[in-house]
Amino acid sequence: MTDIQELLLSRIRDVADYPEPGVMFKDITPLLADPAAFTALTDELAEIAANTGATKVVGLEARGFILGAPVAVRAGLGFIPVRKAGKLPGATLRQAYDLEYGSAEIEVHAEDLVTGDRVLIVDDVLATGGTAEAAIQLIHRAGAEVCGLAVLMELGFLDGRSRLEPALGTAPLTALLQV
């Protein structure tokens, strides 16, 4: 394990039985509260943005906003929030996707992504991959290219990676931590 991985992992708190019995929630708020750890995380993700040739960073609601916005600033790129449906004013593109129990929709401002944009998607956790897959579809519908997906941690036992690989094509999926 690298020094950065040890630092990040040491600042993530396990919360048992949240939000329901049997779930081990990975709380990143201690990491965000530690300026050294948050800066290290931001630097790592900004380096990924540079290495992928990204022109914009998309953050997925809600913790993807917290991570993606400083990455965009550090990398000198624009930041685009992908929100739950009904949260953005004006013209939007909307994408529906299935959840374990039900469905949901996400959206982006139609004018924020254009042909020629190379987009790095940033989020805190890759679980089943449903939201990220919908975001990839949304970005493609806007005419932009996904040049990568970067997450703080991947919950490997949920196998979201295999769900996303067809949608990502040759774009890399980078997880700083595997749990």
Chemist: Does Leu88 sit in a hydrophobic cluster with other residues, and if so which ones, taking ILVMFWY side chains as linked at heavy-atom separations under 4.5 Å, directly or through other members?
Modeler: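 Via sub-4.5 Å side-chain contacts, Leu88 links to none.
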
Chemist: Just verifying a value: how many Å separate Asp124 CG and Leu41 CG, rounded to the nearest 0.5 Å?
Modeler: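 These two atoms lie 10.0 Å from each other.
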
Chemist: Run the salt bridge (charged side-chain N to carboxylate O under 4.0 Å, His left out) test against Asp112 and tell me which residues pass, sequence neighbours left out.
Modeler: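 Applying salt bridge (charged side-chain N to carboxylate O under 4.0 Å, His left out) to Asp112 gives none.
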
Chemist: Using side chain to side chain contact (heavy atoms under 4.5 Å, CB included) as the criterion, list what pairs up with Ala110, not counting sequence neighbours.
Modeler: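 Expected list: Ala91, Leu93.
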
Chemist: Nearest 0.5 angstrom please: Gln178 CD to Leu9 CG, how far?
Modeler: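 The CG atom of Leu9 is 11.5 Å from CD of Gln178, to the nearest 0.5 Å.
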
Chemist: Taking all non-hydrogen atoms of both residues, which atom of Ala135 and which atom of Ile121 are closest, and how far apart?
Modeler: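 Nearest pair, atom of Ala135 first, then Ile121: CB-CD1, 4.4 Å.
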
Chemist: If you count the non-hydrogen atoms of other residues, nucleotides and ligands that lie under 6.0 Å from CG in Asp3, is the total more than 12?
Modeler: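 Atom CG in Asp3 is not packed in, count stays at 12 or less.
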
Chemist: Using a 3.5 Å cut-off and no angle test, enumerate the donor-acceptor pairs between side-chain atoms of residues 163-177 and protein atoms at least two apart in sequence or in another chain.
Modeler:
unit_1 : atom_1 : unit_2 : atom_2 : d
Arg163 : NE     : Glu133 : OE1    : 2.9
Arg163 : NH2    : Glu133 : OE1    : 3.1

Chemist: At their closest point, which heavy atom of Arg13 faces which heavy atom of Pro30, and how far apart are they?
Modeler: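 Shortest heavy-atom separation between Arg13 and Pro30 comes out as CB-CG, 4.0 Å.
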
Chemist: Pairs of donor and acceptor atoms involving the side chains of residues 44-53, under 3.5 Å and at least two apart or interchain, shall be tabulated with distances.
Modeler:
unit_1 : atom_1 : unit_2 : atom_2 : d
Asn51  : ND2    : Glu47  : O      : 3.4
Thr52  : OG1    : Ile48  : O      : 3.1
Thr52  : OG1    : Ala49  : O      : 3.0

Chemist: Do Pro81 and His109 have side chains that get closer than 4.5 Å, going by heavy atoms?
Modeler: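 No, side chains not in contact.
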
Chemist: Is there a path of hydrophobic side-chain contacts, each under 4.5 Å between heavy atoms of I, L, V, M, F, W or Y residues, that connects Leu120 with Ile136?
Modeler: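 Hydrophobic grouping puts Leu120 apart from Ile136.
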
Chemist: If you take all heavy atoms of Val114 and Asp117, which pair is closest and at what distance?
Modeler: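 For Val114 and Asp117, the tightest heavy-atom pair comes out as N-OD2, 2.8 Å.
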
Chemist: Measuring only between side-chain heavy atoms, which start at C-beta, is Ile106 closer than 4.5 Å to Arg94?
Modeler: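 No, too far: nothing below the 4.5 Å cut-off.
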
Chemist: Can you confirm whether Val108 sits close enough to Ile139 that some side-chain heavy atom of one is under 4.5 Å from a side-chain heavy atom of the other?
Modeler: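 Answer no - side chains too far apart.
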
Chemist: With sequence neighbours left out, what residues match Phe25 under side chain to side chain contact (heavy atoms under 4.5 Å, CB included)?
Modeler: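 Result, side chain to side chain contact (heavy atoms under 4.5 Å, CB included) vs Phe25: Val15, Tyr18, Asp27, Arg63.
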
Chemist: Which pair of heavy atoms, one from Leu77 and one from Ala54, lies closest together, and at what distance?
Modeler: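 Between these two residues, the closest heavy atoms are CD2-O, 3.4 Å.
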
Chemist: Under a 4.5 Å side-chain heavy-atom rule over Ile, Leu, Val, Met, Phe, Trp and Tyr, are Met153 and Phe157 clustered together?
Modeler: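 Yes, because Met153 and Phe157 connect within a single hydrophobic cluster, where side-chain heavy atoms sit under 4.5 Å apart.
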
Chemist: Can you see which heavy atom on Tyr97 is nearest to which on Thr131, and at what distance?
Modeler: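 For Tyr97 and Thr131, the tightest heavy-atom pair comes out as OH-OG1, 3.2 Å.
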
Chemist: Do you know which two heavy atoms are closest between Val119 and Ala144, and how far apart they sit?
Modeler: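 Closest approach of Val119 to Ala144, heavy atoms only: CG2-CB, 4.0 Å.
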
Chemist: Just to verify, what does Ala37 make a side chain to side chain contact (heavy atoms under 4.5 Å, CB included) with, not counting sequence neighbours?
Modeler: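 Ala37 satisfies side chain to side chain contact (heavy atoms under 4.5 Å, CB included) with Leu7, Arg11, Leu31, Asp34 only.
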
Chemist: Is Val57 reachable from Val151 through a run of I, L, V, M, F, W or Y residues, each pair having side-chain heavy atoms under 4.5 Å apart?
Modeler: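 No, because Val151 and Val57 fall into different hydrophobic clusters, even though each may have its own neighbours under 4.5 Å.
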
Chemist: Establish whether Leu8 and Leu126 are linked, either directly or via other cluster members, by ILVMFWY side-chain heavy-atom contacts under 4.5 Å.
Modeler: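 The answer is no; the residues belong to distinct hydrophobic clusters.
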
Chemist: Can you name the residues that form a side-chain hydrogen bond (donor to acceptor under 3.5 Å, both in side chains) with Asp98, not counting sequence neighbours?
Modeler: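 Asp98 satisfies side-chain hydrogen bond (donor to acceptor under 3.5 Å, both in side chains) with no residue once adjacent residues are dropped.
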
Chemist: Suppose the criterion is salt bridge (charged side-chain N to carboxylate O under 4.0 Å, His left out): which pairs have a residue in residues 75-91, not counting sequence neighbours?
Modeler: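 Residue pairs with at least one partner in residues 75-91: Glu61-Arg83.
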
Chemist: Calculate, to the nearest 0.5 Å, the distance between atoms CD and CG belonging to Glu145 and Leu113 respectively.
Modeler: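 If I round to the nearest 0.5 Å, the distance is 12.0 Å.
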
Chemist: Does any pair with a residue in residues 169-179 pass salt bridge (charged side-chain N to carboxylate O under 4.0 Å, His left out), and if so which ones, sequence neighbours excluded?
Modeler: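 Passing the test, one end in residues 169-179: no pairs.
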
Chemist: By side chain to side chain contact (heavy atoms under 4.5 Å, CB included), which residues pair with Thr2, not counting sequence neighbours?
Modeler: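 Partners of Thr2 by the side chain to side chain contact (heavy atoms under 4.5 Å, CB included) criterion, ordered by chain and then number, come out as Ile4, Gln5.
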
Chemist: Just distance, no hydrogens or angles: give the donor-acceptor pairs under 3.5 Å from side chains in residues 64-72, sequence neighbours left out.
Modeler:
none

Chemist: Atom CD in Glu105, atom CD in Gln95: separation rounded to 0.5 Å?
Modeler: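 Taking CD in Glu105 and CD in Gln95, the distance rounds to 9.0 Å.
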
Chemist: Flag yes if Val82 and Phe79 sit in one hydrophobic cluster, no otherwise; membership is Ile, Leu, Val, Met, Phe, Trp, Tyr, and two members link when side-chain heavy atoms are under 4.5 Å apart.
Modeler: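 No: no chain of side-chain contacts under 4.5 Å links Val82 to Phe79.
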
Chemist: Got a donor-acceptor contact below 3.5 angstrom from the Asp17 side chain to the Gly22 backbone?
Modeler: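 Confirmed, Asp17 side chain pairs with Gly22 backbone.
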
